[in-house]
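Residue numbers run from 1 in the order of the sequence given. Heavy atoms only: backbone and side chains are in, while hydrogens, waters and symmetry mates are out.
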Amino acid sequence: MKKQDEALDLAGAFPETPDLCRRAVLNAVGSYREEKKMKRPLVMAIAIVLILALLGGTALALVNYYSVRDAVANGTPSKEFEQNIIPIEQSKTAQGITVSLGDAVFDGSTLAAALELNHEENAAPQYLISWLKAECDGEPLTISVTGSSGDNDGMSTNFFYPSADVRYPATEKMTILGDIYDQGAYGMGWRELTAPVDWRLEVQIYKPNWEIVLADEIRDWDAYEAQFAQTYEQGKIMAEHGVSLEEYVSGMPNFSDYSNENWFADQLVKSGAFTLADTLTFDFTTPLPETQEYGADQVFAFDDYTLTIRKLTRSFMRVKYQYDVVFAQPQSKEYKYTDLDFGYALYDQNGREMTFKSTTFDFEDDQRTAHFWGEVEYIEDSPLTAIQFRPDARFLMTKEKAQDEGLWFTVELK
């Protein structure tokens, strides 16, 4: 049905129907009763007119919005994923830029919202900063926010749009990702929710007050960094690849406390380089879906460490896992992600690797006990009956360890 809608290309054939009118049409269709004296062909004609009017303002508009069906589920959502999509279908415009929020999906701890950008012809570059806020039963929640565009997970949610460099156009279709978590004694854990979540997505638009210039590609790192500070002193704005201001803001004097979550935006405004021109706001609510929990407190012993599964949950979108590792000997305080002996990739019962999304770990003071959190994507209609953990080559200096079956273990999902 969707392909047929796209082939007809009827979007815009009818003016958008106001909400009040849509409700009137729905009420008219729902309460209609055929009069005995009315001929059936006339009844059918009225019904067709009502349906076309409704389609002009709602159903056909769906085709025009970027969706999490494509952004997250690659166009093939599972039935449960589809059932949990929240349609939003709102577009807002300021400074010649239109931001459209098509829909969102929430699996109990991770929100994904599909965002699309458009701009008027010859629109000047504006700097966009996206914020995601959430409340549950009136209590603010702690969220880790990232952006995703295609395969580029973890991309910044701050950038020039349109790009100041035509060679490097800014992304126009992206996913805003928000992970709800608790900041515990050791690192980051997931928050247990008991009610629907109220969300607010804000897109702040900052207008540049000075001329925008492009960064020179200099191989010497010190010289490369120095050009940003020099450009600020000259009363100009320097962008990397026409989109990024990370290095430019780092080269400014400190106008804001780095512990302040708004410090980056404060730097833009207090430096005099930018003015907050407008804020586009989208509010919506997501219900709390069901999740399944497995395998708590299972222990797996190896030569160098013992691993205990603390939590393993599956939603319709992701598998999240938490485990503790106790080493036989204290580890170096320089332990880094470049050689995590205890970092694992996850595979389903058919040996297919699940898509890595994120991970973090923290050591206790004894440098023997580590707490590890991770998540992978799994959007399938077929049941998940077992998860095999194998050392993850991405985190190993010695890649051969990933093939050492003696370090593999399996958690049965019962």
Listed pairs under 3.5 Å, donor-acceptor, residues 271-287 side chains, sequence neighbours left out:
from: S271; atom 1: OG; to: Q267; atom 2: O; distance (Å): 2.9
from: S271; atom 1: OG; to: L268; atom 2: O; distance (Å): 2.9
from: S271; atom 1: OG; to: A273; atom 2: N; distance (Å): 3.2
from: T275; atom 1: OG1; to: N209; atom 2: OD1; distance (Å): 3.3
from: T275; atom 1: OG1; to: N209; atom 2: ND2; distance (Å): 3.0
from: D283; atom 1: OD1; to: R200; atom 2: NE; distance (Å): 2.7
from: D283; atom 1: OD1; to: R200; atom 2: NH2; distance (Å): 3.4
from: D283; atom 1: OD2; to: R200; atom 2: NH2; distance (Å): 3.1
from: T285; atom 1: OG1; to: D198; atom 2: OD1; distance (Å): 2.7
from: T286; atom 1: OG1; to: W199; atom 2: NE1; distance (Å): 2.8

* Can a cation-pi geometry be assigned to R390 and Y347, taking NZ or CZ under 6.0 Å from the six-membered ring centre and within 45° of the ring axis? -> yes
* Can you find a heavy atom in the side chain of N158 that is under 4.5 Å from one in the side chain of F264? -> yes
* To do: Classify the side-chain pair S91/S100 by whether it contains a donor and acceptor separated by less than 3.5 Å.
  => yes
* Any sub-3.5 Å donor-acceptor pair from D220's side-chain atoms to A223's backbone N or O? -> yes
* Do the non-hydrogen side-chain atoms of V99 and K92 ever get within less than 4.5 Å of each other? -> no
* **N262 backbone acceptor or donor facing N260 side chain under 3.5 Å** => yes
* To do: Using the salt bridge (charged side-chain N to carboxylate O under 4.0 Å, His left out) rule, take E261 and K133 through it: C-alpha gap first, then chi angles, then the decisive distance, then the call.
  => CA-CA 12 Å; E261 67 173 355; K133 303 174 184 178; over 6 Å; no
* Asked: What is the distance from atom CG of L101 to atom CD1 of I88, rounded to the nearest 0.5 Å?
  -> 4.0 Å
* Under 4.5 Å between any side-chain heavy atoms of I309 and Y321, yes or no? -> no
* **Trace of the side-chain contact (heavy atoms from CB on, under 4.5 Å) decision for N122 with E120** => CA-CA 6 Å; N122 299 321; E120 297 175 357; over 6 Å; no
* Asked: Between V197 and L141, is a side-chain contact (heavy atoms from CB on, under 4.5 Å) present by the stated rule, with each step listed?
  -> CA-CA 9 Å; V197 178; L141 301 175; 4.1 Å; yes
* To do: Decide, yes or no, whether a salt bridge links R318 with E375 under the criterion of side-chain N to carboxylate O below 4.0 Å.
  => yes
* Charged N to carboxylate O below 4.0 Å: is that the case for R314 and E380? -> no
* To do: Show your reasoning for whether side chain to side chain donor-acceptor pair (under 3.5 Å) applies to E364 and H371.
  => CA-CA 8 Å; E364 292 189 19; H371 305 276; 2.8 Å; yes
* To do: Supply the atom-to-atom distance T76 OG1 to E82 CD, rounded to the nearest 0.5 angstrom.
  => 11.0 Å
* Asked: Will you find, in the side chains of Y161 and E172, an N or O donor that is under 3.5 Å from an N or O acceptor?
  -> yes
* **Centroid-centroid under 6.0 Å between Y305 and F327 rings** => yes
* Can F389 and F300 be said to form a ring pair (Phe, Tyr, Trp, His ring centres under 6.0 Å), step by step? -> CA-CA 11 Å; F389 288 70; F300 301 89; 7.8 Å; no
* I would like to know whether Y248 and F228 meet ring pair (Phe, Tyr, Trp, His ring centres under 6.0 Å); could you show each step before the answer? => CA-CA 5 Å; Y248 180 69; F228 292 94; 7.2 Å; no
* Which residues pass the salt bridge (Lys or Arg N to Asp or Glu O under 4.0 Å) test with E192, sequence neighbours left out? -> K311
* Asked: Do Y344 and F395 make the cut of ring centroids closer than 6.0 angstrom?
  -> no
* Asked: Going by distance alone, is a donor N or O of one side chain under 3.5 Å from an acceptor N or O of the other, for Y224 and E240?
  -> yes
* If we only count heavy atoms from C-beta on, is the V213 to I237 side-chain gap below 4.5 Å? -> no
* Do F159 and S244 have side chains that get closer than 4.5 Å, going by heavy atoms? -> no
* For residues P77 and A73, report the shortest heavy-atom separation together with the two atoms involved. => CA-CB, 3.6 Å
* **Donor-acceptor contact below 3.5 Å, side chain D348 vs main chain R352** => yes
Please list, one pair per line, the donor and acceptor atoms closer than 3.5 Å that link side chains of residues 103-119 to other protein atoms, with sequence neighbours excluded.
from: D103; atom 1: OD1; to: V68; atom 2: N; distance (Å): 2.8
from: D103; atom 1: OD2; to: S67; atom 2: OG; distance (Å): 2.6
from: D103; atom 1: OD2; to: R69; atom 2: NH1; distance (Å): 3.4
from: D107; atom 1: OD1; to: S109; atom 2: N; distance (Å): 3.1
from: D107; atom 1: OD1; to: T110; atom 2: N; distance (Å): 2.8
from: D107; atom 1: OD2; to: S315; atom 2: OG; distance (Å): 2.6
from: S109; atom 1: OG; to: K320; atom 2: NZ; distance (Å): 3.2
from: T110; atom 1: OG1; to: D179; atom 2: OD1; distance (Å): 2.4
from: T110; atom 1: OG1; to: K320; atom 2: NZ; distance (Å): 2.9

* Run the numbers on F316 and I379 for side-chain contact (heavy atoms from CB on, under 4.5 Å), then give the verdict. => CA-CA 6 Å; F316 62 85; I379 303 173; over 6 Å; no
* Considering all heavy atoms, the nearest P125-I212 contact -> CB-CD1, 4.2 Å
* Sidechain-backbone polar pair: Q292 side chain, L312 backbone, donor-acceptor under 3.5 Å -> no
* To do: Dump the intermediate steps for salt bridge (charged side-chain N to carboxylate O under 4.0 Å, His left out) on R310 and D324, then the final yes or no.
  => CA-CA 7 Å; R310 294 302 182 191; D324 295 341; 2.9 Å; yes
* Asked: Rounded to the nearest 0.5 Å, how far apart are CD of Q126 and CD1 of I205?
  -> 7.0 Å
* **Heavy-atom side-chain contact between Y127 and Q204 under 4.5 Å** => no
* State the CG-CD1 distance between L201 and I176, to the nearest 0.5 angstrom. => 6.0 Å
* Shortest non-hydrogen contact from P196 to C136? -> O-SG, 3.8 Å
* **Close side-chain approach of L245 and F160, heavy atoms under 4.5 Å** => yes
* **Check ion pair R167-D165 (N to O, under 4.0 angstrom)** => yes
* Quick one: does N254's side chain have a donor or acceptor within less than 3.5 Å of a partner on S256's backbone? -> no
* F361 vs F363 aromatic rings, parallel, tilted or perpendicular, using cut-offs 30° and 60°? -> perpendicular
* Do side-chain atoms of Q227 reach the backbone of D216 as a donor and acceptor pair under 3.5 angstrom? -> yes
* **NE2-OG distance between H241 and S163, expressed to the nearest 0.5 angstrom** => 10.0 Å
* Is any side-chain heavy atom of T308 closer than 4.5 Å to a side-chain heavy atom of V299? -> yes
* Flag, side chain of D366 to backbone of T369, donor-acceptor distance under 3.5 Å -> yes
* Inter-residue atom distance T146.OG1 - M174.CE, 0.5 Å rounding -> 9.0 Å
* Parallel, tilted or perpendicular: which describes the rings of W210 and Y232, with under 30° parallel and over 60° perpendicular? -> tilted
* For Y65 and E89, run side-chain contact (heavy atoms from CB on, under 4.5 Å): C-alpha distance rounded to whole Å, both residues' side-chain angles, the deciding distance at 0.1 Å, then the answer. => CA-CA 7 Å; Y65 283 100; E89 302 159 28; 3.7 Å; yes
